[in-house]
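Mind having a look at this structure? Questions to follow.
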Amino acid sequence: GVYYLYSYDYESKPVKVTDSTVYHYEFMNGRIYYTKEFVQGPIYSMNMDGSDEQQVTQMRAHSFVTEGNSIYFYATDAGTAPGLVKYNTSTKEETTVVFPFYSFNYLVHGGYAYYVIDGTYRSIHRVNLSNQTIEDLWLEINDYTVSLNISDGALYILLGEGIYKSNLDGSGREKLFESDEYLQTGLYIFGDRIYTTDGYNIIVVDKDDGTDYTFPIN
């Protein structure tokens, strides 16, 4: 399919940010980093208003995450696939940090890559980027893991039926939010709010106490 990026202030109609296609995107240092293709392609960046589009990586990425001034992406180029590659935005260098790496659903934080194994999506693990040792964090998940996020020292997990949180080592698990409809995507965290959607509404959840409210998608 073809995807575009819109901004929405919850009052006016959504506004298209750019005429370029946008599939996966992240915000970093006042810019939007994104891929244009559903399957693979280089990573690009642009200003928040859609201007000054630039190609960032030479290698093709299926998905990516950011930490500090670095981008970590699932590489699809021959010789690096399947691998997790680090792109340093200061030096412009691309370095393979985990190989092989079998996950499209992951994040990087504090020297670890947290990930869900492709094909099952029902367990969560983390690998040390320095020595490649692996820890199993969640091995008994009854629903598919949609996405992961980390905020203020806690791991947040979006499942189809709700949002969970735990300590970074997987301990202290608790259900934060339960949805009436199947949650499809999201788990963006800004301040104390988590944003997700069931396809009908934008759902905003307090990341500490789980209180929520919704905005219909027009």
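Please read these numbers as outputs of a predicted model, since none were measured by experiment.
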In the structure I gave you, are the side-chain heavy atoms of F73 and E94 within less than 4.5 Å of one another anywhere?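 The answer is yes, as the side chains (C-beta and beyond) meet within the 4.5 Å cut-off.
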Between N69 and T89, is there a donor-acceptor pair closer than 3.5 Å when you use the side chain of the first and the backbone of the second?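 Looks like no, no N/O pair under 3.5 Å.
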Would a hydrophobic clustering, with Ile, Leu, Val, Met, Phe, Trp and Tyr connected at side-chain separations under 4.5 Å, put I117 with L158?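 Per the 4.5 Å side-chain linkage, I117 and L158 are not co-clustered.
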Grab the two heavy atoms, one from G186 and one from S147, that are nearest each other, plus how far apart they are.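 Taking every non-hydrogen atom into account, O-OG, 3.1 Å.
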Begin with the C-alpha distance, continue with both residues' side-chain angles, and end with the deciding distance and a verdict on side-chain contact (heavy atoms from CB on, under 4.5 Å) for Q40 and Y74. CA-CA 10 Å; Q40 58 186 10; Y74 186 93; over 6 Å; no
Salt-bridge contact K86-E67 (side-chain N to carboxylate O under 4.0 Å):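 The answer is no: the pair does not qualify as a salt bridge.
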Evaluate the side-chain proximity of Y3 to V22: yes if any heavy-atom separation is below 4.5 Å, no if none is.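 SC-SC contact between V22 and Y3 ruled out.
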Do the side chain of T211 and the main chain of D206 share a donor and acceptor less than 3.5 angstrom apart?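 Side chain of T211 to backbone of D206, a donor-acceptor pair under 3.5 Å: no, none is there.
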Cluster overlap Y106 with M28, hydrophobic side-chain contacts below 4.5 Å: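 Shared cluster, yes.
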Has the side chain of T196 got a donor or acceptor atom that lies under 3.5 Å from a matching backbone atom of T185?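 Yes, because the side chain of T196 sits within donor-acceptor range (under 3.5 Å) of the backbone of T185.
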Could you tell me whether the side chain of I157 reaches within less than 4.5 Å of the side chain of R173, counting heavy atoms only?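 No, too far: nothing below the 4.5 Å cut-off.
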Is it the case that the side chain of R31 and the backbone of M48 share a donor-acceptor pair, with hydrogens and angles ignored and the cut-off at 3.5 Å?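 Absent.
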Ignoring hydrogens, what is the shortest heavy-atom contact between Y8 and P216? Give both atom names and the distance.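 That closest heavy-atom pairing would be OH-O, 4.1 Å.
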Applying a strict under-4.5 Å side-chain criterion to I, L, V, M, F, W and Y, I'd like to know whether Y102 and Y114 cluster together.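 No, it is not one cluster - the side chains of Y102 and Y114 are not joined through contacts under 4.5 Å.
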For F190 and Y188, take the angle between the two ring planes, folded into 0 to 90°, and tell me which bin it lands in: parallel under 30, tilted 30 to 60, perpendicular over 60.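 Plane angle under 30°, so parallel.
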Indicate yes or no for a side-chain donor-acceptor contact from T35 to the backbone of G41 under 3.5 Å, with no hydrogens or angles considered.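 Here the side-chain-to-backbone pair does not exist.
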Are the side chains of I71 and T57 in contact, using a 4.5 Å heavy-atom criterion?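 They are not in contact (no side-chain heavy atoms under 4.5 Å apart), so the answer is no.
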Does L187 share a hydrophobic cluster with Y23, counting links as ILVMFWY side-chain heavy atoms below 4.5 Å and allowing steps through other members?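 In one cluster: no.
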Would you call the rings of Y164 and W138 parallel, tilted or perpendicular if under 30° counts as parallel and over 60° as perpendicular?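 Ring orientation, 0 to 90° scale: perpendicular.
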Measuring only between side-chain heavy atoms, which start at C-beta, is Y195 closer than 4.5 Å to F215?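 A side-chain contact under 4.5 Å is absent here.
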Donor-acceptor contact below 3.5 Å, side chain N167 vs main chain D169: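 No.
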Are any side-chain N or O atoms of T197 and backbone N or O atoms of G199, one a donor and one an acceptor, separated by less than 3.5 Å?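 It does hold such a pair.
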Under 3.5 Å side-chain donor-acceptor pair for E53 and S20: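 Yes.
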Flag yes if more than 12 heavy atoms outside D49 fall under 6.0 Å of its CG atom; otherwise flag no.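 Yes, CG of D49 has more than 12 neighbouring heavy atoms, counting only those of other groups under 6.0 Å.
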Between S166 and S171, what is the shortest heavy-atom contact and its length?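 Smallest heavy-atom distance, with atoms named: CB-O, 3.4 Å.
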Please check: side-chain N/O of N201 versus main-chain N/O of T214, any donor-acceptor pairing under 3.5 Å?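 No, N201 side chain to T214 backbone: no donor-acceptor pair under 3.5 Å.
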I'd like to know if the side chain of Q58 and the backbone of P42 have a donor-acceptor N/O pair within less than 3.5 Å.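 No, the answer is negative, given that no donor and acceptor are paired below the 3.5 Å cut-off.
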What's the verdict on ring pair (Phe, Tyr, Trp, His ring centres under 6.0 Å) for Y115 and F101, showing C-alpha distance, side-chain angles and the deciding distance? CA-CA 10 Å; Y115 63 98; F101 186 71; 5.4 Å; yes
Find out whether M46 and L5 are in side-chain contact, i.e. whether some heavy atom of one side chain is under 4.5 Å from a heavy atom of the other.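 Yes. Closest side-chain heavy atoms under 4.5 Å.
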Indicate if L183 and L148 have the same hydrophobic cluster label, given that clusters are the connected sets of ILVMFWY residues with side-chain heavy-atom separations under 4.5 angstrom.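 No, because L183 and L148 fall into different hydrophobic clusters, even though each may have its own neighbours under 4.5 Å.
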So, the side chain of N128 versus the backbone of S130: is there a donor-acceptor pair under 3.5 Å, distance only?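 At least one qualifying donor-acceptor pair exists.
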Is K13 close to Y6 at the side-chain level, that is, under 4.5 Å between some pair of heavy atoms?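 Not in contact.
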So which heavy atom on V146 is nearest to which on L159, and how close?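 For V146 versus L159, the nearest heavy atoms are CG2-C, 4.0 Å.
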Are I141 and V116 close enough that some pair of their side-chain heavy atoms sits under 4.5 Å apart?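 Side-chain contact under 4.5 Å: no.
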From F64, Y34, Y44, residue fulfilling ring-ring contact (aromatic ring centres under 6.0 Å, His included) relative to H24: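 Passing option: F64.
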